[in-house]
Amino acid sequence: MKIQEIGEFQLIERMNRSLQKNEGVVLGIGDDCAALKLSSGCLLIATTDILIEKIHFHLEQVTPEQMAFKSLAVNLSDIASMGARPLYALVSLGIPSSVSVEFVDDFYRELGESGKKYNVAVVGGDTSSSKSGLIVNIVLLGEQKEELIVRRSGAKAGDSIFVTGTLGDSAAGLKVFRTGKDTMAPALQKEADFVLARHSFPEPRLGEGKFLAENRLASSMIDLSDGVASDIRRLCEQSRVGARIFADSIPFSSEMKVLAESWKKDPLDFALYGGEDYELMFTVAKKDLKKFGELREKLHIPLSCIGEIVKEAEGISLVKDNSVSELGKTGYEHFRNK
Ligand SMILES: [Mg+2]
């Protein structure tokens, strides 16, 4: 069904059907603004992300469910990296006339389901027709007590650098996606499915981020959106420190390693320079390592120490095969040709 056949008001009504409120929503969709509660003593944590057709995705290659999930997940990952709890989302869509009502229905159904899973209420947004492809913008609001928020700026020389999960899966997934899974050997299909899922449905590390914050274990934190090489730089710039990354300590999934081998690529490149893993990278001060060691099992996901924070003057380096080199290459950066 074409959107012109039902018009904007009916479209919005259909969108709202998939969404539910939570207890903090005093005024949700329907008034000029949403009115929302925060827990007492908490700061409002706000983030936003925009996805534009032909820049961030190709409409013929993604399902509405993938789009809805991932656009929410990348924002949730930012909330996780602050150690905060997500609460509310504002979702805006620019919709070209080629997009069907069913696409929007499926998008909102997934948004409703993911919202339920992660406890996020969609409380507003905007829709418009678009002459330059589909545009998805999500504003995500969360909360955390001021003294518990984990910043990028808290790392100190001597801190250990940790990451959650395994790295490089998403970049390998993107490669499978571009190559076409069907063109790959039957023996590699299981691995291909694994990395594709990691690329399309990255699990935002909300529980982990909040746990680290509330137990005051992390001195700084960032989510890995552009690869370790880029994101460690961001963290180091804000903290005015340097870092040493140990190549041998970077955690890989067995699936990604098998695929990288089949492509004759170094799995390290996927982890360092590929993006969109949405794992957390955080630092732990020496004095907190013992407590961290005692509590880390409660997180039930692998945590790996991949390096250490050093003085700013020492720069950012990679230690590999007993040699130290500058970790200069960056991951994907917008508005910049590599
Ligand atoms: Mg981020």
Side-chain angles (χ1 to χ4, degrees), residues 43-52 55-57 69-91 114 118 120 136-144 148-155 161-171 173-174 198-213 217-241 243 245 270-283 301 303 306-307 309 316 327 330-336:
L43 293 186
L44 178 68
I45 309 296
T47 184
T48 187
D49 202 78
I50 190 162
L51 293 173
I52 295 175
I55 293 183
H56 302 95
F57 64 92
F69 180 88
K70 197 154 173 182
S71 48
L72 191 63
V74 300
N75 284 290
L76 288 170
S77 179
D78 278 327
I79 296 279
S81 73
M82 303 298 293
R85 180 165 80 100
L87 295 170
Y88 313 112
L90 299 157
V91 180
S114 295
Y118 298 111
V120 177
V136 181
N137 169 242
I138 295 189
V139 173
L140 201 65
L141 306 172
E143 65 173 17
Q144 184 52 287
L148 296 182
I149 289 168
V150 187
R151 298 163 164 84
R152 289 182 181 177
S153 58
I161 306 167
F162 287 86
V163 293
T164 59
T166 53
L167 307 184
D169 296 334
S170 182
L174 186 64
R198 292 273 288 157
H199 179 71
S200 296
F201 297 99
E203 184 66 38
R205 300 299 189 189
L206 285 164
E208 292 79 7
K210 196 163 157 276
F211 183 89
L212 292 166
L217 293 169
S219 52
S220 72
M221 185 147 60
I222 188 169
D223 65 321
L224 288 167
S225 54
D226 297 303
V228 169
S230 281
D231 292 320
I232 190 64
R233 197 158 289 277
R234 295 189 170 118
L235 189 139
C236 285
E237 273 167 16
Q238 288 297 314
S239 293
R240 308 196 60 111
V241 293
I245 301 294
F270 289 95
L272 293 179
Y273 312 116
E276 302 198 273
D277 278 319
Y278 298 107
E279 295 292 347
L280 296 175
M281 179 162 66
F282 57 96
T283 55
I301 59 162
L303 296 165
I306 63 158
I309 298 291
I316 298 169
L327 185 60
T330 56
Y332 190 80
E333 210 179 311
H334 288 276
F335 306 115
R336 218 177 193 202

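For ligands, and for the atoms within them, numbers begin at 1 and follow the listed sequence.
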Thr164 versus Glu279, side-chain donor and acceptor atoms under 3.5 Å: yes

Short side-chain donor-acceptor distance under 3.5 Å, Thr48 and Asn137: yes

For Thr283, all residues meeting side-chain hydrogen bond (donor to acceptor under 3.5 Å, both in side chains), sequence neighbours excluded: Ser219, Ser220

Protein N, O or S atoms under 2.8 Å from the Mg ion (ligand 1): 2

Arg198 vs Thr166, side-chain contact (heavy atoms from CB on, under 4.5 Å): CA-CA, chis, key distance, verdict: CA-CA 10 Å; Arg198 292 273 288 157; Thr166 53; 3.4 Å; yes

Electrostatic pair Asp223:Arg205 at N-O distance under 4.0 angstrom: no

Test: Lys70 and Glu276 ion pair at under 4.0 Å: yes

